[in-house]
Asker: 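Quick one: the structure is below, and I'll ask about it shortly.
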Amino acid sequence: AAEPWPENAALYQQLKEEQILLSDNASSLAVQAFLQMCNLPIRVVCRANAEYMSPSGKVPFIHVGNQVVSELGPIVQFVKAKGHSLSDGLDEVQKAEMKAYMELVNNMLLTAELYLQWCDDVTVEEITHPRYGSPYPWPLNRILSYQKQWEVRRKMKAIGWAGKTLAQVLEDVDQCCQALSQRLGTQPYFFNKQPTELDALVFGHLFTILTTQLTTDELSEKVKNYSNLTAFCRRIEQQYFEGHDKDSSATVTAQSAKRSLLR
Amino acid sequence: PQSLLQAYAKFSGAPLTVNTINSSWRAPKGDVPVLISKDIVISQPARILNFLRKQKYNADYELSAKQGADTLAYIALLEEILLPALLHTFWVEAENYCSVTKPWFASRIPFPLSLYLPGKMSREALNRILLTRGGPPLYSLTEVEAQIYRDAKECLNLLSKRLGTSQFFFGDTPTTLDAFVFGFLAPIYKVCFPRVQLQEHLKQLPNLCRFCDDVLTCYFRLTVSGHSPAGQDTADANLQKLTQLVNKESNLIEKMDDNLRKSPQHPPRKLTTLKLAAGGEESSPLNRLSP
């Protein structure tokens with residue numbers, strides 16, 4: 001039932017240099033890494049209204065043939081339906097573990113990134129508001145970013161993160177990194193020899209955290225504490241993104257024009 | 001969350017007295033469960049667990065680093081996927097809510113509050129479900145419900161596969177993860193709801209049912225008085241541990257018999273200064289549950 005993967009498959013995200021935020025960049029990079037690992041070519045297209053084009057309201061989304069799929073979970077399933085899968089070699093218990101770790105990353109890392117971007121006042125003022133609405137004229141840019149902020153804060157309140165201080169959030173990130181580091185150990189990938197979607201997801205988030213400049217460096221410091229995680233990111237970057245210098249999808253920085261910190 | 005904490009306390013041997021409070025307002029910040037130790041008040045399950053660990057009641061003492069990491073991951077899985085379905089079954093599903101949850105709750109808290117509090121918790125549960133799982137392309141509540149139950153059933157399957165044939169998730173002794181899983185599964189397994197799709201699914205996974213039954217019989221048989229067996233040795237071989245547990249439980253039974261014979265009313269015993277305040281809904285299901 002598999003149609004071949006078309007040549008002009010495209011991945012849509014927000015504008016790389018001016019608009020995209022930490023969490024969206026992480027998700028987008030995770031999908032790109034996953035597709036690279038499956039050897040499926042994809043073009044990255046940057047559009048200011050990517051969020052609105054997406055069927056679920058979240059970036060990134062891919063446009064393949066005449067189908068549009070967004071977010072890593074559904075994309076993995078879509079790719080599997082086309083006949084490509086990274087986790088076929090895993091047994092049932094390992095698949096359960098992989099799902100659990102992916103939820104851990106989503107639960108802790110992604111939520112922490114969202115918290116930092118939208119609930120920490122300093123970051124919101126200096127980075128998020130200017131970037132989020134940058135393609136639009138005033139007052140639309142302010143309105144859109146306030147609207148998004150309100151939405152994210154509502155969600156944080158519902159899951160109980162609104163009451164957390166930044167220190168507590170950073171501690172959670174640390175715990176999550178510790179768990180990932182312990183699980184990775186000295187292996188090249190999380191499930192030994194072959195990369196899986198978990199590796200793509202972890203790479204997306206950790207790499208983005210490491211290479212994005214924010215108002216403070218505390219978040220990236222937390223990740224840097226674990227040397228096997230930084231080595232893991234470097235390894236995946238070298239293996240899957242080196243050949244695409246022009247694309248520079250692996251060298252996105254949010255604030256300045258500085259190149260990747262891992263170089 | 002209450003049964004999760006009681007299970008953890010039992011596993012790690014922390015002496016805990018369970019006080020039922022009949023008004024959630026009395027718990028600081030209106031949040032249950034609450035741990036009150038001397039003067040420190042801690043109110044979220046994860047923080048309570050950390051506190052217990054620091055006090056050296058640690059059920060994870062023998063886990064390797066990787067197993068500790070696995071624990072964290074599985075807990076995240078439970079919270080992301082099983083919790084919305086649980087919330088829905090208890091608080092949002094109209095029949096369940098009206099016929100079971102609300103009367104339970106209302107019977108345990110004083111009059112004016114019983115009108116307001118269940119409704120508030122129901123709204124909060126619905127809010128949480130919609131905000132975390134309800135985005136497009138799922139536009140109606142029924143679609144969201146279908147999706148969360150699908151995910152929850154898959155999650156139960158995953159847990160069953162992970163448990164396999166072993167007695168607990170990491171071998172023969174229970175750990176934090178077992179406490180968490182028990183805390184989530186026990187309500188689904190035991191509470192009699194009119195709408196029970198999750199319970200039926202759970203019953204098709206015999207090893208998870210066996211797990212719940214084991215924990216209930218081993219650790220909760222004596223909940224009637226609200227006391228838990230005293231400290232547990234963590235350094236010995238499994239067989240010794242099991243025999244010790246059995247011995248301690250029989251000692252406790254003897255002590256209880258003595259107590260009952262000596263005084264007509266059960267005297268309130270403070271084992272240590274730790275007190276766990278649990279919401280009213282907790283002890284009633286467990287009372288109904290203990291065989």
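Here is how names work: the chains are called A, B, and so on, in the same order as the sequence lines, proteins then strands, and each is numbered from 1.
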Asker: For the interface with chain B, which of S54(A), S70(A), A96(A) has the highest count of heavy-atom pairs at distances below 4.5 Å?
Answerer: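 Most heavy-atom pairs within the cutoff with chain B belong to A96(A).
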
Asker: Charged N to carboxylate O under 4.0 angstrom, E154(B) versus K99(A)?
Answerer: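 Judged by the 4.0 Å cut-off on N to carboxylate O distance, E154(B) and K99(A) do form a salt bridge.
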
Asker: Would you indicate whether K157(A), at its atom NZ, is surrounded by more than 12 heavy atoms from other residues, nucleotides or ligands within a distance under 6.0 Å?
Answerer: no

Asker: Counting neighbours of NZ on K80(A) that are heavy atoms of other residues, nucleotides or ligands and sit closer than 6.0 Å, is the number greater than 12?
Answerer: no

Asker: Only one of I75(B), L78(B), I81(B) forms a side chain to side chain contact (heavy atoms under 4.5 Å, CB included) with E103(A), so which one is it?
Answerer: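 Option passing the side chain to side chain contact (heavy atoms under 4.5 Å, CB included) with E103(A): I81(B).
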
Asker: Could you measure the distance from the CE atom of M108(A) to the CD atom of E80(B)? Nearest 0.5 Å is fine.
Answerer: 10.5 Å

Asker: Taking all heavy atoms of A76(B) and all of L104(A), pick out the closest pair and write down the distance.
Answerer: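 Scanning both residues, the minimum pair turns out to be CB-CA, 3.4 Å.
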
Asker: Nearest 0.5 angstrom please: L77(B) CG to E97(A) CD, how far?
Answerer: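 CD of E97(A) is found 11.5 Å from CG of L77(B).
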
